[in-house]
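Heads up: the structure comes next, in structure tokens.
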Amino acid sequence: MLRIAVPNKGSLSGPAADMLHEAGYQQRRESKELRVVDPVNEVELFYLRPRDIAIYVSSGRLDIGLTGEDLLVDSGASAEVILPLGFARSTFRFAAKPGTATSIADLAGKTVATSYEGIVAKYFADHGIDASVVHLDGAVETAIELGVAEVIADVVETGTSLRNAGLEVFGEPIMKSEAVVIRRTGADTEDPKVQQFLRRLQGVLVARTYVMMDYDCRVEQLEKAVALTPGLESPTVSPLHNEGWVAVRAMVPAKEAQRIMDDLYDLGARAILTTAIHACRL
Ligand SMILES: Nc1ncnc2c1ncn2[C@@H]1O[C@H](COP(=O)(O)OP(=O)(O)OP(=O)(O)O)[C@@H](O)[C@H]1O
Ligand SMILES: O=P(O)(O)OC[C@H]1O[C@H](OP(=O)(O)OP(=O)(O)O)[C@H](O)[C@@H]1O
Ligand SMILES: [Mg+2]
């Protein structure tokens with residue numbers, strides 16, 4: 001059985017559970033469940049704190065884990081990203097009250113509050129910055145108002161939390177992050193059980209990003225039509241009963257589907273349909 005670490009709480013847990021569900025894995029029935037054995041799919045899911053997942057995976061006791069890239073870096077654990085998952089995208093940034101700092105040079109001698117002490121300490125070491133760090137568990141935006149620190153380093157998605165606290169970012173983003181699948185550094189990536197798991201998740205990513213498009217067009221327009229819908233490898237072209245017409249089928253990016261339908265229509269294509277892809281193996 002493949003032993004997988006899954007986030008039990010926080011921003012990652014809902015989208016991670018959705019993705020595993022779409023990939024066909026069994027769900028936990030209630031949020032207090034710590035472990036789910038799924039014999040049909042030969043996986044064992046361990047529901048753990050997102051912050052601890054890289055540590056479990058680096059120990060080799062669990063084969064793979066779903067976590068945030070920033071949490072992986074922060075832990076310092078010996079694990080590596082094997083598949084980015086495209087959700088929980090964020091940046092990690094310094095912020096302060098306007099007028100406090102404009103660049104990282106202004107950090108010298110200041111106190112920085114963060115829940116990601118590992119990332120911040122490494123950044124200070126790499127950039128030769130002499131500043132102190134105070135570790136807080138969350139809601140770090142409030143630390144400045146309450147005088148615990150002059151600067152914070154925190155996850156920023158929309159920037160709403162910073163704005164609400166009257167803070168603004170400064171300096172370059174410290175890092176970008178998204179949800180990822182991780183493995184112990186140096187572990188055997190050819191393991192067929194791991195490969196199968198990754199194929200399933202990749203299938204979910206593709207099913208979410210692409211739709212299937214079908215249309216009929218005249219043979220004379222086929223080359224132009226196919227240029228608009230090249231598919232992932234190559235479109236399927238089948239003859240129609242009406243001579244001079246063909247049916248074309250290709251996957252297209254969901255975001256571009258409406259524009260492509262307009263362009264195909266203008267080319268003379270008709271009966272243009274899109275359908276959702278529920279699952280796939282490329
Ligand atoms: N608002 C957000 N938007 C996108 N990603 C986020 C957001 N907040 C946290 N993350 C990402 O989620 C992960 C952190 O999850 P974690 O569960 O530890 O924190 P949380 O969602 O803030 O929950 P908690 O309230 O338990 O701190 C990180 O990878 C982080 O980049
Ligand atoms: O840029 P935004 O869209 O506002 O998102 C970023 C905020 O979201 C997370 O906080 P969360 O709500 O998880 O609370 P926490 O700080 O207690 O972890 C993060 O720590 C930031 O505070
Ligand atoms: Mg948080």
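Side chains are part of it too, since the values below use all heavy atoms of this structure and drop only hydrogens, waters and symmetry mates. In each ligand, atom 1 is the first atom listed, and ligand 1 is the first ligand listed.
Heavy-atom contacts of G68 reach the following atoms of ligand 1: 29 (O) (cutoff under 4.0 Å). Distances below 4.0 Å separate heavy atoms of E141 from the following atoms of ligand 2: 21 (C), 22 (O). Every atom of ligand 1 is numbered from 1 in the order shown, and the set under 4.0 Å from a heavy atom of L12 is 12 (O), 13 (C). Ligand-side atoms of ligand 2 in range of T158: 1 (O), 2 (P), 3 (O), 4 (O), range being under 4.0 angstrom from any heavy atom. With ligand atoms numbered from 1 in the order given, ligand 1 contributes 17 (O), 21 (O), 23 (O) to contacts under 4.0 Å with heavy atoms of G10. Heavy-atom proximity to G138, at under 4.0 Å, picks out these atoms of ligand 2: 16 (O), 17 (O). The contact set between ligand 2 and V155, taken as ligand atoms under 4.0 Å from a residue heavy atom, comprises 6 (C), 7 (C), 19 (C), 21 (C). For ligand 1 and Y116, the ligand atoms under 4.0 Å from any heavy atom of the residue are 14 (C), 28 (C), 30 (C). Within the listing of ligand 1, atoms 4 (C) sit less than 4.0 angstrom from a heavy atom of R89. Counting the atoms of ligand 2 from 1 in the order shown, those under 4.0 Å from a heavy atom of V156 are 1 (O).
With hydrogens and angles ignored, the 3.5 Å screen pairs no side-chain donor or acceptor of T114 with any backbone N or O of I152. For D130 (side chain) and A108 (main-chain N/O), no donor-acceptor pair under 3.5 Å exists by modelled atom type. Between the D74 side chain and the G118 main chain, a donor and an acceptor come within less than 3.5 Å of each other.
Screening residues 174-218 for ring-ring contact (aromatic ring centres under 6.0 Å, His included), with sequence neighbours left out, gives Y25-F197.
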Show me the donor-acceptor pairs, under 3.5 Å and distance only, between side chains in residues 41-49 and residues at least two apart or in other chains.
from: N41; atom 1: OD1; to: R200; atom 2: NH1; distance (Å): 3.1
from: N41; atom 1: OD1; to: R200; atom 2: NH2; distance (Å): 2.8
from: N41; atom 1: ND2; to: G24; atom 2: O; distance (Å): 3.1
from: N41; atom 1: ND2; to: D38; atom 2: OD1; distance (Å): 3.3
from: N41; atom 1: ND2; to: D38; atom 2: OD2; distance (Å): 2.9
from: E44; atom 1: OE2; to: R35; atom 2: NE; distance (Å): 2.8
from: E44; atom 1: OE2; to: R35; atom 2: NH2; distance (Å): 2.4

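By the 4.5 Å heavy-atom criterion applied to side chains, F170 and T100 are not counted as neighbours.
With a 4.0 Å heavy-atom cut-off, ligand 2 is reached by no atom of L162.
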* **Intermediate values then yes/no, salt bridge (charged side-chain N to carboxylate O under 4.0 Å, His left out), K97 and E145** => CA-CA 9 Å; K97 289 266 188 216; E145 189 65 47; 3.2 Å; yes
* In sequence, state the C-alpha distance, the side-chain angles, and the governing distance for K110 and D106, and then conclude on salt bridge (charged side-chain N to carboxylate O under 4.0 Å, His left out). => CA-CA 8 Å; K110 298 226 168 28; D106 299 326; over 6 Å; no
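Considering all non-hydrogen atoms of both residues, T67 and P50 come closest at OG1-O, 3.2 Å.
A salt bridge is absent between R3 and D63; no separation between the charged side-chain nitrogens and carboxylate oxygens falls under 4.0 Å.
The shortest N or O to N or O distance between E69 and ligand 1 is not under 3.5 Å. The shortest N/O to N/O separation between D154 and ligand 2 falls below 3.5 Å. Residue A139 places at least one N or O, backbone or side chain, under 3.5 Å from an N or O of ligand 2.
Under a 4.0 angstrom heavy-atom cut-off, K9 registers as being in contact with ligand 1.
Nearest residue to atom 10 (N) of ligand 1 from S11, P50, P15, A88 is S11 (criterion: closest heavy atom).
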